[in-house]
*Asks:* 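Have a look at this one before I ask anything.
One-based numbering, in listed order, for ligands and for the atoms of each. Any value given below was found using the heavy atoms of this structure, including those in side chains, with hydrogens, waters and symmetry copies removed.
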Amino acid sequence: MIAVAVLAAGKGTRMKSSLPKVLHELGSKSLLVRVLDTVDSLDPQKQLVIVGYGADRVRASLQHRPGIEFVEQREQLGTGHAVQQLLPALQGFDGNLLILNGDVPLLRSETLKLLVQIHHECQNDATILSAHLPHPQGYGRVFCDSHNQLREIVEDRDCNAAQKQNHRINAGVYCFRWSKLAAVLPRLSADNDQQEYYLTDAVTNLSQVMAVDVEDYQEILGINDRKQLATAANILQNRVKDEWMMAGVTLIDPDSISIEDTVVIQPDVVIEPQTHLRGQTTIGTGSCIGPGTLLENCTIGENVTVLYSVLRASQVADGSCIGPYTHFRGQVQVGSGCRVGNFVELKQTTLGDRTNVAHLSYLGNTTVGTQVNIGAGTITANYDGVHKHPTQIGDRTKTGSNTVLVAPLTLGQDVTVAAGSTVTEDVGDDALVIARSRQVVKPGWRLPNSDPPEAV
Ligand code: UD1
Ligand code: CA
């Protein structure tokens, strides 16, 4: 039986921000959500989040996650004081409590599972996660005997010169037998450099405590300032990109590419330089994305190419070619085998299979059938200054260059629109529409008073 508590009450003074530290984002998720995601894999019986600074904002940020119990720490008097606030909520709880700082977003769930497993096997009062850091400044130092039995944890600012030489640090992740921790919690004192109640003192006061080293120390980096946030973002990116490369995705110039960890990519996809993949984006096998492309919440089929384009909240089916310089502003569905090309903007628009919008067009609130050819410079005039109006274009219809379609408008199937037309009325199936004034030619015409034509 395991309960989890995440410490998220601190302001995070070193972030120099009005936003509570745990709400700062790392790859589109807050630090706190990342910690809670890691914990999910343990399937805890109870999830407690200790809130204090900016409590309402922290609560609101977790509205979409049911089953979280919030415990308030009104004054932030230290990590030990934060955990003291759990005493009423966990009265009579007879299991293990995993406690995590809310600012360790890179932790892997395998590491947590290992910590809990060792805690069980060795029947410890507490098992703490530790690591050997090349630069341990700022972290509490862990002192153990030769059997990894903990003697004490000393905070960086309370360490003497000799203690500072110890590079083994406390990760801020602990598994406690709750009844044992509850017994020592009320006895904490704030007799230290910060005048705070330290959770680490409670650990030192228990008898059977073991430290477990994490293999990859990058996992336990705590985020205290913006520099560490940027470092963590880098580590996360490298992790995500390494995983996709190992899964069969080619990244050309990986340093110039960013991929959020919510993205899913099939094998044999090529991601070209300067490409950014965000949100709930998925990419099918054989597709080539980039260079110079941003995809956000997009579903891309197989064998699609997207070149120098920005696509948001849209879907592209198999074998279509998008770009260069295409902008999908959202709710765009492109069928299979389509070409959407150079300098084209689409919004709330559906294209049927094998339809082309190849050059210099804007289509908004438009439903286009299959095998349609939208001529260069075709524009839907969908906005009358107050409302947006729809346009429907039937299968196999062709619009000539520089066509304006004034919505609301329906063009049937097999319609041809003459170049330069401004179409304002619906057109039925199988028709040619010419909506422009006829060309007038006046031979020999000159401006009055201009010289007469030279005799030949
Ligand atoms: C803490 C540990 C240190 C460890 C480091 C790992 C203590 C005393 N020190 O130091 O040994 O090496 O984490 O990253 O525990 N918080 C509250 N209420 C408070 C104070 C803090 O909820 O009154 C929360 C913060 O929101 C944060 C977490 O506790 O999520 C850690 O606090 P922080 O001030 O960052 O502790 P460190 O100084 O980093
Ligand atoms: Ca910290």
*Asks:* I'd like to check which ligand 1 atoms, numbered from 1 as shown, lie under 4.0 Å from a non-hydrogen atom of Tyr198.
*Replies:* 8 (C)
*Asks:* What protein heavy atom sits nearest atom 22 (O) of ligand 1, and how far off is it?
*Replies:* Ala9 N, 2.9 Å
*Asks:* Below 4.0 angstrom, N of the basic side chain to O of the carboxylate: do Asp261 and Arg34 qualify?
*Replies:* yes
*Asks:* Looking only at protein heavy atoms, identify the closest one to atom 11 (O) of ligand 1 and say how far it is in Å.
*Replies:* Glu155 OE2, 2.7 Å
*Asks:* Specify side chain, backbone, both or neither for Asn224, according to which of its non-hydrogen atoms lie closer than 4.0 Å to ligand 1.
*Replies:* side chain
*Asks:* Under a 4.0 angstrom heavy-atom cut-off, which atoms of ligand 1 come close to Ala171?
*Replies:* 6 (C), 14 (O)
*Asks:* Note the single closest protein heavy atom to atom 26 (O) of ligand 1, along with its residue, its atom name and the distance in Å.
*Replies:* Gly10 N, 2.9 Å
*Asks:* May I ask you to test the Ile68-Leu48 pair for a side-chain heavy-atom distance under 4.5 Å?
*Replies:* no
*Asks:* Strictly by modelled atom types, are Tyr174 and Asn170 linked by a side-chain donor-acceptor pair under 3.5 Å?
*Replies:* yes
*Asks:* Which residue holds the protein heavy atom closest to atom 20 (C) of ligand 1, what is that atom called, and what is the gap in Å?
*Replies:* Gly78 C, 3.8 Å
*Asks:* Report yes if some N/O of Val104 lies less than 3.5 Å from some N/O of ligand 1; otherwise report no.
*Replies:* no
*Asks:* Compute whether any side-chain donor of one residue and acceptor of the other, for Glu302 and Thr285, lie under 3.5 angstrom apart.
*Replies:* no
*Asks:* Can you name the atoms of ligand 1, numbered from 1 with element, that are less than 4.0 Å from a heavy atom of Lys21?
*Replies:* 35 (O)
*Asks:* Indicate whether atom 15 (O) of ligand 1 is within a distance of less than 4.0 angstrom of some protein heavy atom.
*Replies:* yes
*Asks:* Using a 4.0 Å cutoff against the non-hydrogen atoms of Asp103, which atoms of ligand 1 qualify?
*Replies:* 30 (O), 35 (O)
*Asks:* For Ile50, is the nearest heavy atom under 4.0 Å from an atom of ligand 1?
*Replies:* no
*Asks:* Is a salt bridge present between Arg151 and Asp145, judged by a nitrogen-to-oxygen distance below 4.0 Å?
*Replies:* no
*Asks:* Applying a 4.0 Å heavy-atom criterion (strictly less than), which segment of His81 is in contact with ligand 1: side chain, backbone, both, or neither?
*Replies:* neither
*Asks:* Check this for me: His387, atom NE2, are more than 12 non-hydrogen atoms of other residues, nucleotides or ligands nearer than 6.0 Å?
*Replies:* no
*Asks:* Taking NZ, NE, NH1 and NH2 as the nitrogens, is one of them in Lys164 or Asp158 under 4.0 Å from a carboxylate oxygen of the other?
*Replies:* no
*Asks:* Judged on heavy-atom distance to atom 30 (O) of ligand 1, which of Leu7, Asp158, Asn101 sits nearest?
*Replies:* Leu7
*Asks:* Can you pull out the closest protein heavy atom to atom 37 (P) of ligand 1? Residue, atom name and distance to 0.1 Å, please.
*Replies:* Arg14 NH2, 4.2 Å
*Asks:* Taking the Ca ion (ligand 2) as the reference point, name the nearest N/O/S atom of Asp103.
*Replies:* OD2
*Asks:* Please test Asn365 against Asn382 for side-chain hydrogen bond (donor to acceptor under 3.5 Å, both in side chains), starting from the C-alpha separation and ending with a verdict.
*Replies:* CA-CA 7 Å; Asn365 307 85; Asn382 63 329; 2.8 Å; yes
*Asks:* Check Arg14 with Asp225, please: is the shortest side-chain N to carboxylate O separation under 4.0 Å?
*Replies:* no
*Asks:* Within this structure, what is the CG-OG distance for the pair Leu351 and Ser336, rounded to the nearest 0.5 Å?
*Replies:* 11.0 Å
*Asks:* Assess whether a salt bridge exists between Arg187 and Asp201, defined as any Lys/Arg side-chain N lying under 4.0 Å from an Asp/Glu carboxylate O.
*Replies:* no
*Asks:* Which protein non-hydrogen atom lies closest to atom 18 (N) of ligand 1, naming both residue and atom, and how far is it?
*Replies:* Gln73 OE1, 2.7 Å
*Asks:* Less than 6.0 angstrom from the centroid, inside 45 degrees of the normal: does Arg59 satisfy that with respect to the ring of Phe70?
*Replies:* yes
*Asks:* Hey, are Thr378 and Ser361 close enough side-chain-wise for a donor-acceptor pair under 3.5 Å?
*Replies:* no
*Asks:* Starting from atom 32 (O) of ligand 1, find the nearest protein heavy-atom neighbour and note its residue, name and distance.
*Replies:* Thr79 CG2, 4.0 Å
*Asks:* With respect to the Ca ion (ligand 2), please indicate if Asn101 possesses an N, O or S atom at a distance under 3.0 Å.
*Replies:* no
*Asks:* Quick one: does ligand 1 sit under 4.0 Å from the side chain of Ala82, the backbone, both or neither, non-hydrogen atoms only?
*Replies:* side chain
*Asks:* So does Phe93 have more than 12 non-hydrogen atoms from other groups sitting under 6.0 Å from CZ?
*Replies:* yes
*Asks:* Looking only at protein heavy atoms, identify the closest one to atom 12 (O) of ligand 1 and say how far it is in Å.
*Replies:* Asn170 O, 2.6 Å
*Asks:* Kindly confirm or rule out an N or O of Val22 lying under 3.5 angstrom from an N or O of ligand 1.
*Replies:* no
*Asks:* Under 4.0 Å, counting heavy atoms only: does Thr200 come that close to any atom of ligand 1?
*Replies:* yes
*Asks:* Any idea which atoms of ligand 1 are less than 4.0 Å away from a heavy-atom of Gly140?
*Replies:* 3 (C), 4 (C), 11 (O), 12 (O)
